[in-house]
Amino acid sequence: MKKFLLFFIPGLISVFLICGSSLAWQGRMAGMENPYGLTEDESDFLIHPALITRGKGLDFYSNFDFTYTGISQWDIDIDLDGFTGVMGPPSNPYSIRESFDSSGDQYNYRALLGPAFSLGAGRMGIFFAYEGMNRDIDGDADYPVDPSFWSDSSTSADYNLESDIDDFSLRLIYGLPVDVNCLNLGAEAKISYINEKQSSEWENNAGRYVLNRPNVTIRNNWAANTLWFQLPYDSDYWHAQFKASANGQICLDSMGPIDVTLSFGGGPLFSGDNEYKYETDNLGIGADLDADGDVDGFDLGGDLWVRVPVSDKVALPFLVGVHYNEKIRDGEGQVSTPNEFPVFINPDFNYEQKEESFVIDAGGGVDIKLSDSSRGTVGLFYTRIESSNDMEITLDYPSGFPSALYDEKVPDYDENRVTLKLGWETDLSSTTTIRTGFTTFYGFIEKDFEYNLRYTPTPLFETDTASLDGNQWGIMASIGGTFKLSSITLEPYINAGYKNLDLDGDMELDALLWAPLFITITENGDIEESREEWFVGAGLSLLFGN
């Protein structure tokens with residue numbers, strides 16, 4: 001795929017350079033660390049389709065960027081301090097001390113190409129876009145011997161986590177001026193094909209290999225628990241989105257016209273396919289699963305921008321955004337020759353994984369024209385993020401054997417974040433403009449995991465919970481410019497940043513086990529998660545023409 005893009009994108013650029021004029025656009029915002037809504041920009045119509053009416057003539061737009069992220073640390077440490085037993089002697093009488101130490105790399109790619117032109121009484125835009133991500137995490141785990149895997153004397157393992165996303169989309173944008181400078185309407189239709197995959201491989205020092213462990217609790221089958229980091233899946237689907245937009249002005253006698261822009265929309269996921277592939281090998285005794293299913297879901301959201309002029313040089317922008325996303329993957333299959341339990345029978349495997357996210361973003365700032373050749377922006381935002389990732393698995397065994405139900409929340413996530421944005425640009429000459437930007441944020445986070453196991457019709461169960469809280473903060477900076485060389489204008493930019501996550505909390509395990517008497521155990525402990533990452537990126541927008 002990446003080799004295809006290396007030839008496809010330069011080819012499209014060459015066509016645009018030959019066929020007509022081009023207008024650089026997103027490079028200006030990226031050079032100021034993307035202060036969308038704080039200062040007016042040509043590329044605003046990517047968020048609000050009605051604003052495409054501000055353009056004139058035939059323009060070809062192009063923007064490309066690449067970001068490398070080094071994940072220098074992503075660690076999880078677990079410390080369960082023994083347990084108390086009721087109705088019988090405790091089995092597995094040891095405390096759990098487990099650590100996951102990870103690091104890796106992530107690559108992000110983006111490209112957008114397309115023309116905008118007059119059509120009828122309005123203006124039309126046709127854009128092809130690509131977004132991609134590749135992440136590779138390697139780690140080492142240390143833990144006590146796990147007796148739930150017979151013949152498994154391992155106390156350490158190596159694991160690998162991979163994530164890949166390819167998102168190809170076609171965007172059709174149309175804007176219609178109803179009343180010049182007073183009301184503009186717009187609409188967008190977007191169709192995307194998305195392929196996304198996550199996998200988790202585990203290999204311990206006793207020779208046991210596990211791919212995509214689907215069902216894990218702390219005490220029962222917990223040794224390959226990479227679900228702290230990510231859930232495995234292999235999905236592709238189509239996503240249709242529709243957006244309506246309006247831009248107008250409110251005129252007051254005491255000040256200039258207040259600019260108001262509102263857009264809202266969403267759409268379904270459809271024609272989705274999902275595969276869950278699981279493999280394990282324990283000293284030559286293995287199990288495998290290939291479960292097939294579907295992908296469904298939808299998204300819904302809107303953005304409101306209000307721009308209040310204070311004077312000819314000062315404006316106060318205010319922004320509000322609300323967005324909701326839901327995605328459901330499912331699958332069914334049959335596990336062959338399982339070794340999770342000391343019986344060789346083939347259970348039916350059924351699962352459903354549901355992802356949800358809800359984001360509210362609100363804030364405002366000041367946009368100041370400092371002189372005829374320079375301007376600055378500053379903005380302060382509050383963001384509320386809620387997300388959940390729940391997976392339910394049922395293993396149905398033949399008559400006479402109990403069925404197993406796993407219900408896992410991995411995790412429920414809440415964050416309250418405050419973000420400060422600063423941007424500045426100045427014209428050094430008629431051919432050169434320099435700009436820079438800075439962003440910093442601080443977030444308060446709560447993160448809850450829950451692993452539930454039930455054997456029916458028996459009363460056996462296990463419930464493990466982990467509740468973490470703490471903070472996340474980061475800083476990002478960028479620098480860019482516009483350079484006009486005869487009929488060619490280049491807008492390059494570079495950026496860099498650092499993020500830090502630090503969480504800790506409590507764990508609790510409650511279980512009713514067969515050992516061989518029914519015993520109830522309770523265990524408490526601590527859990528910590530830490531993550532550090534830094535990134536560098538670069539991009540380019542192109543202008544060919546005036």
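Model, not experiment: these values are computed from the prediction.
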Hey, do the aromatic rings of [X] and [Y] have their centres closer than 6.0 Å?
X: F229; Y: Y159; answer: yes
X: Y193; Y: Y237; answer: no
X: Y498; Y: W473; answer: yes

Item to check | Matching residue for F45 among F127, W305, Y36 - test: ring-ring contact (aromatic ring centres under 6.0 Å, His included) | outcome: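 Single ring-ring contact (aromatic ring centres under 6.0 Å, His included) partner of F45 among F127, W305, Y36: F127.
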Please determine whether the number of non-hydrogen atoms from other residues, nucleotides or ligands lying under 6.0 Å from atom [atom1] of [X] exceeds 12.
X: F535; atom1: CZ; answer: yes
X: E332; atom1: CD; answer: no
X: K190; atom1: NZ; answer: yes

Please find the pair of heavy atoms, one from [X] and one from [Y], that lie closest to each other, and give the distance.
X: S478; Y: E33; result: OG-N, 2.8 Å
X: G175; Y: T53; result: C-CG2, 3.4 Å
X: V295; Y: R329; result: CG2-CG, 4.2 Å
X: A50; Y: L185; result: CB-C, 3.8 Å

Checklist entry - According to the salt bridge (Lys or Arg N to Asp or Glu O under 4.0 Å) rule, which pairs have a member within residues 43-55, sequence neighbours left out? => result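 Residue pairs with at least one partner in residues 43-55: E40-R54, R54-D259.
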Next on the checklist: I'd like to know if D390 and K354 make a salt bridge, using a cut-off of under 4.0 Å between side-chain N and carboxylate O.
Outcome noted: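 Looking at D390 and K354, the cut-off is not met.
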Checklist entry - Ion pair present between R375 and D367, side-chain N to carboxylate O less than 4.0 angstrom? => result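 Yes, R375 and D367 are salt-bridged.
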Checklist entry - So, the side chain of S102 versus the backbone of W74: is there a donor-acceptor pair under 3.5 Å, distance only? => result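 Confirmed, S102 side chain pairs with W74 backbone.
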So do [Y] and [X] actually touch side chain to side chain, heavy atoms under 4.5 Å?
X: M476; Y: T440; answer: no
X: Q353; Y: L231; answer: yes
X: K499; Y: E532; answer: no
X: Q26; Y: Y61; answer: no

Checklist entry - What residues, two or more places apart in sequence or in another chain, satisfy side chain to side chain donor-acceptor pair (under 3.5 Å) together with Q230? => result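 Scan of Q230 (side chain to side chain donor-acceptor pair (under 3.5 Å), adjacent residues dropped) gives R135, S163.
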Next on the checklist: Applying side chain to side chain donor-acceptor pair (under 3.5 Å), can you list everything that pairs with S245, at least two apart in sequence or on another chain?
Outcome noted: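 With neighbours one apart ignored, the set is S263.
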Checklist entry - How are the rings of Y68 and W534 set to each other: parallel, tilted or perpendicular (split at 30° and 60°)? => result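 Correct class here is perpendicular.
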Item to check | Positive for side-chain hydrogen bond (donor to acceptor under 3.5 Å, both in side chains) with S336, one of D288, N346, D290 | outcome: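 Result: among D288, N346, D290, D288 is the only option passing the side-chain hydrogen bond (donor to acceptor under 3.5 Å, both in side chains) with S336.
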Checklist entry - With sequence neighbours excluded, what pairs up with E162 under the salt bridge (charged side-chain N to carboxylate O under 4.0 Å, His left out) test? => result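 Counting only residues at least two positions away or on another chain, E162 forms no salt bridge (charged side-chain N to carboxylate O under 4.0 Å, His left out).
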Item to check | Contacts of type ring pair (Phe, Tyr, Trp, His ring centres under 6.0 Å), residue F349, not counting sequence neighbours | outcome: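 Y276, Y351.
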Item to check | Under the ring pair (Phe, Tyr, Trp, His ring centres under 6.0 Å) test, residues paired with F444 that sit two or more places apart | outcome: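 Once residues adjacent in sequence are excluded, the partners of F444 under the ring pair (Phe, Tyr, Trp, His ring centres under 6.0 Å) criterion are Y442.
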Checklist entry - Does the side chain of Y130 pick up a donor-acceptor pair with the side chain of D166 at under 3.5 Å? => result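 There is such a pair (donor and acceptor under 3.5 Å, judged by atom type) between the side chains of Y130 and D166.
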Checklist entry - Can you find a side-chain donor-acceptor pair between D136 and N160 that sits under 3.5 Å? => result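 Looking only at side-chain atoms, N160 and D136 do form a donor-acceptor pair, the distance falling under 3.5 Å.
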